[in-house]
There are 2 protein chains.
Amino acid sequence: MGAKRGPADPARRERIMAATERILLRGGIAALSHRAVAREAGVPLGSTTYYFATLDDLLDAAIRRLSERYALRLHAWGAALGDLSRAGLVEALADLVEALVREDRPALVLSFELSAAAMRRPELRDAALLYAETECEVLRVHTDERTARALSRVLDGLLLHSLAAAVPPTRADITGPLAALLTPGE
Amino acid sequence: MGAKRGPADPARRERIMAATERILLRGGIAALSHRAVAREAGVPLGSTTYYFATLDDLLDAAIRRLSERYALRLHAWGAALGDLSRAGLVEALADLVEALVREDRPALVLSFELSAAAMRRPELRDAALLYAETECEVLRVHTDERTARALSRVLDGLLLHSLAAAVPPTRADITGPLAALLTPGE
DNA sequence: TAAAACTGTGTACTAGGGTACACAGAATTG
DNA sequence: CAATTCTGTGTACCCTAGTACACAGTTTTA
C-alpha cells in the first residue's frame, strides 16, 4: 500500500502535466479531470492531487505550458520572416493562418475554448489573454502597435471561421481583409 | 405520487425551454443539467426528461430559440437601416458591435462558447453556424456575398476581442478594419 | 539512531447528474 | 362505462468526479 519509490520524482510532475495537455488537446476543458489525467499519465489518482491540489491548479499549469508552446511557435514564425513588403506580410500571415488550421487545429480549438471559458471564469483571463498578447508582440516587429492589434483581431476572426465554418475561407478570403488592413489610404 | 394537473400543458414545455435559456445565458453550456433546469423552471425533475428525453434535446431546443432571437435582433437592425453610404454602413456596424457588447453580452458569450463547443461536437455545428449565417444574410442586403462573408469574419474577431480583451477595442479600432474592408482599391 | 519531515498512494466520502421506469391521474375511445 | 392511451411525477440506479485523509515508505535532521 505504501510508496515504492523514493523521494521527489520530478519526472512525475512532468508526466502529469504532459498528460494534462494531451487530455485538453484531445477533449477540451470539459474532458479534464483528475482521473482522466491519472489514467493518461499512468499514475495513481492520488498523484495528481498531490502535485496539483485542485483541478484549477492542473488547468492553469497545463494552459501555461500550452500558451508558451504557442508563443514559441509564433515567435519562430516571426523570426523566419526577413524584412518584407506589405504584400509579403500579407502572404506570410495567410500562410500562418493556413498552417495553424492545418497543423495545429487542436491547439487552436482549445485556445478558442479557453477564450470563451475565460469570459465566465476570471481566473482564466490572464491565460487566455496571453494568446492575443503574443500575436501582437510578434506582429509589432513588422507593424506599429495599433495595426498589430487590429491584425490580431482580424486574424482571430479568420481563424475562428476557418475552424468553424462549413466552407472555410479560401486563400483570397484570408488575404483580402489582411491586405485591406495593411493598405493605407482611407 | 400521482399527477395533479390534467392533460397536455403546453405552458410546461414553454417554461422548461425558457428556464433552459436562462441557465445557458447565466452559466453557459457547462451549467446545463436536467436538475438545474427543473429548479429554475419550478417543475419536477421528471418533467424535464419527459419533454426532452436527453440533455442534447434540451440544448438543441434552447439554442434554436436563442439563435432565432438573435436572428430577429439582427434583422431588426438591418431593417432599421435605410439606404446608406459606405461610411454610413461602417458607423452602423460599429454601433451594432458596441450595442451587442453592451446589451447582449450573455448571448454573445454563449454564441462563442457554442462555436467552440461545435468544433468538438458535430451535432452542434448547424446550430453554431446559424449565427454567422444570419449575419451574412443581413449584410448581404447592403453588400455583395463575398464582402458580407468577409465582414462577418471581421465582425466576429472584433466581437471576440471586445468580450475577451483586457482593454476592449475603441470605436476607432472597430471602424478602422470595417472601413478598410469596405473601401475598394487594393 | 530516534524523531521529524517529506513523498506518494489507496481508499473513501460526498455531491451532482443522466436516465430509466413504475406508477398515478386524466382523457379518450369503443 | 371499461379499457386503453397520454400526461406527468417521484424515485432509484449507476456513474463520474473532486477532494480529504490516513497511512506507508523514504529521507533528512538533531
Side-chain angles (χ1 to χ4, degrees), chain A residues 1-63 113 117 120-124, chain B residues 1-63 113 117 120-124:
Chain A
M1 275 150 205
K4 273 98 185 221
R5 305 285 314 291
D9 177 0
R12 266 299 146 92
R13 197 165 205 283
E14 181 53 36
R15 277 176 58 197
I16 291 173
M17 282 202 288
T20 305
E21 284 182 51
R22 289 196 298 277
I23 298 268
L24 285 175
L25 288 174
R26 193 188 310 140
I29 297 178
L32 182 65
S33 77
H34 281 125
R35 283 168 172 85
V37 170
R39 220 174 301 140
E40 175 76 22
V43 302
L45 173 60
S47 276
T48 61
T49 66
Y50 176 69
Y51 287 106
F52 304 92
T54 79
L55 254 197
D56 279 334
D57 292 341
L58 204 47
L59 185 59
D60 265 17
I63 284 177
E113 227 175 38
R120 294 190 196 281
R121 299 170 54 179
E123 72 271 19
L124 295 180
Chain B
M1 273 134 212
K4 273 98 186 225
R5 305 287 311 294
D9 177 0
R12 266 299 146 93
R13 198 165 203 281
E14 181 53 35
R15 276 176 58 196
I16 291 173
M17 283 200 289
T20 305
E21 284 181 52
R22 287 196 299 276
I23 299 267
L24 285 175
L25 289 174
R26 195 189 309 141
I29 298 178
L32 182 65
S33 77
H34 281 126
R35 284 169 171 84
V37 170
R39 222 174 301 141
E40 175 76 22
V43 301
L45 173 60
S47 276
T48 62
T49 66
Y50 177 69
Y51 287 105
F52 303 92
T54 81
L55 253 198
D56 280 333
D57 292 342
L58 205 46
L59 185 59
D60 265 17
I63 285 177
E113 226 175 40
R120 295 190 194 281
R121 300 169 54 179
E123 73 271 20
L124 294 180

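Sequence lines set the chain letters: A, B, ... in the order given, protein chains first and strands last, and positions in each chain run from 1.
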For [X] and [N], give me the distance from atom [atom1] to atom [atom2], rounded to whole Å.
{"X": "Leu59(A)", "N": "dA17(D)", "atom1": "CG", "atom2": "P", "value": "15 Å"}
{"X": "Arg13(A)", "N": "dT7(C)", "atom1": "CZ", "atom2": "C1'", "value": "14 Å"}
{"X": "Phe52(A)", "N": "dG18(D)", "atom1": "CZ", "atom2": "P", "value": "15 Å"}

Short of 4.0 Å, heavy atom to strand atom, which residues of residues 18-29 of chain A count as contacting DNA chain D? none
Pairwise side-chain contact, [X] with [Y], heavy-atom cut-off 4.5 Å (strictly under):
{"X": "Asp60(B)", "Y": "Leu124(B)", "result": "yes"}
{"X": "Ile16(A)", "Y": "Leu58(A)", "result": "yes"}
{"X": "Met17(A)", "Y": "Tyr51(A)", "result": "no"}
{"X": "Leu59(B)", "Y": "Leu24(B)", "result": "yes"}

Could you give the distance from [atom1] ([X]) to [atom2] ([Y]), rounded to the nearest 0.5 Å?
{"X": "Thr49(A)", "Y": "His34(A)", "atom1": "OG1", "atom2": "NE2", "answer": "6.0 Å"}
{"X": "Ile23(A)", "Y": "Thr20(A)", "atom1": "CD1", "atom2": "OG1", "answer": "7.0 Å"}
{"X": "Ile29(A)", "Y": "Leu55(A)", "atom1": "CD1", "atom2": "CG", "answer": "11.5 Å"}

Each nucleotide of nucleotides 15-21 of chain C classed B (base within 4.0 Å of a protein heavy atom), S (only sugar-phosphate) or -, in 5' to 3' order, makes --BBB--
Just to confirm, is there a sub-4.0 Å distance from OP1 or OP2 of dG8(C) to any side-chain nitrogen or oxygen of Tyr50(A)? no
With the side chain of Ser47(A) defined as its heavy atoms from C-beta on, choose the nearest nucleotide among dG10(D), dG8(D), dT9(C).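 Given the options dG10(D), dG8(D), dT9(C), the side chain of Ser47(A) is closest to dT9(C).
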Could you work out, with side-chain hydrogen bond (donor to acceptor under 3.5 Å, both in side chains) as the rule, every residue matching Glu113(A), not counting sequence neighbours?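 Glu113(A): side-chain hydrogen bond (donor to acceptor under 3.5 Å, both in side chains) contacts with Arg120(B).
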